[in-house]
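Here's the structure, in structure tokens; my notes come after.
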Amino acid sequence: MAAQVLDVGFHVLAVDDSLVDRKLIERLLKTSAYQVTVVDSGIKALEFLGLLDEEKEISGSNHQQVVEVNLIITDYSMPGMTGYDLLRKVKESSYLKDIPVVIMSSENIPSRINRCLEEGADDFFLKPVKQSDVNKLIPLVPNSFTGKPIKNHEQQQIFSSSTCKRKQHTDEYLSPTLRRKRYNQIFS
């Protein structure tokens, strides 16, 4: 399979069946200088990611165009395919499993949150998503030089730099592993 990768910078795929929520998350992400693609279903997200094309690969198609996605943020409750189902498909994929996935929901159900985090979600946001939630995505943003997520000491340098209008509290920017531990402490 020959894949053509389109370089579009840091790219977030936002998935939500609600037009209002899609517009809100798109605006918040674009305000934070992310490239954003929005779709209204899990199936369309899989199609965009090229996961629905796997059957075509098996049947003989030898060319697949891949748009690099650096992060997926998805609603949990959607008709047809839930955000949890989308998360599982992404984490089961050999070439997408390392993409961070954040789940959003308007329902604060601890068992749902734990289930998503255990399946590999990097965070869980309650709706409506706020700018402070989007700021929590920063640890998931790969460093432009290494392609790896930014480390805590690098975050402190970023947030205390003179380009930042106000110093952020670094405890808001916990790594996904520490966030999972915090969620587990809250709900156990």
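If you read the sequence from its start, that first residue is 1, and numbering goes on from there. If you're wondering where the values come from, they're calculated on a predicted model, not measured in any experiment.
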Table please: side-chain donor-acceptor pairs of residues 22-30 below 3.5 Å, with sequence neighbours left out.
| residue | atom | partner | partner atom | Å |
| --- | --- | --- | --- | --- |
| R22 | NH1 | D16 | O | 2.8 |
| R22 | NH1 | D17 | O | 3.4 |
| E26 | OE2 | K30 | NZ | 3.2 |

(message) List the residues meeting ring pair (Phe, Tyr, Trp, His ring centres under 6.0 Å) with Y34, not counting sequence neighbours, and say none if there are none.
(response) F10
(request) Just jot down the salt bridge (charged side-chain N to carboxylate O under 4.0 Å, His left out) partners of K130, sequence neighbours excluded, or say none. (result) D133
(request) Over all heavy atoms of both residues, which pair between V15 and G42 is shortest? Give the atoms and the distance, please. (result) CG1-N, 4.0 Å
(request) Run the salt-bridge test on D123 and K136 with the 4.0 Å N-O cut-off and return the result as yes or no. (result) no
(request) Mind checking side-chain hydrogen bond (donor to acceptor under 3.5 Å, both in side chains) for S105 and listing every partner two or more places apart, or none if nothing turns up? (result) R112
(request) Please identify each residue that fulfils side-chain hydrogen bond (donor to acceptor under 3.5 Å, both in side chains) with S32, with sequence neighbours left out. (result) Q131
(request) Measure the CD1-NE2 distance between I72 and H11 for me, rounded to the nearest 0.5 Å. (result) 10.0 Å
(message) Would you compute the distance between atom CG of L140 and atom CG of D122 and round it to the nearest 0.5 angstrom?
(response) 5.0 Å
(request) Measure the CG-CD1 distance between L71 and I99 for me, rounded to the nearest 0.5 Å. (result) 8.5 Å
(message) Can you tell me how far apart CG (L51) and NZ (K89) are? Round to the nearest 0.5 Å.
(response) 8.0 Å
(request) Can you measure from OG (S106) to CG (D21) and round to the nearest 0.5 angstrom? (result) 7.5 Å
(request) With side-chain contact (heavy atoms from CB on, under 4.5 Å) as the test, would you mind laying out the steps for T74 and L87 before giving the verdict? (result) CA-CA 8 Å; T74 181; L87 167 69; 5.8 Å; no
(request) Please name the pair of heavy atoms, one in I103 and one in A121, separated by the smallest distance, quoted to 0.1 Å. (result) CG1-CB, 3.9 Å
(message) Using every non-hydrogen atom in the two residues, find where A45 and L13 come nearest and quote the distance to one decimal.
(response) CB-CD2, 4.0 Å
(message) For E92, give me all partners under side-chain contact (heavy atoms from CB on, under 4.5 Å), at least two apart in sequence or on another chain.
(response) R88
(request) Check whether any side-chain N or O of K91 sits under 3.5 Å from a backbone N or O of L96 as a donor-acceptor pair, and report yes or no. (result) no
(request) Scan M104, R115, E107 and name whichever one has a side chain to side chain contact (heavy atoms under 4.5 Å, CB included) with Y76. (result) R115
(message) Would you compute the distance between atom OG of S41 and atom CE of M81 and round it to the nearest 0.5 angstrom?
(response) 8.5 Å
(message) If we count only N and O atoms by modelled type, under 3.5 Å, do the side chains of N135 and S132 hold a donor and an acceptor together?
(response) no
(request) Please report the shortest heavy-atom distance between D75 and M78, naming the atom on each side. (result) O-CE, 3.5 Å
(request) Starting from the C-alpha separation in whole Å, work towards a yes-or-no answer on side-chain contact (heavy atoms from CB on, under 4.5 Å) for L137 and V134. (result) CA-CA 5 Å; L137 299 175; V134 172; 4.3 Å; yes
(request) Let me see the working for N114 and S111 under side-chain hydrogen bond (donor to acceptor under 3.5 Å, both in side chains), right down to the final yes or no. (result) CA-CA 5 Å; N114 283 333; S111 60; over 6 Å; no
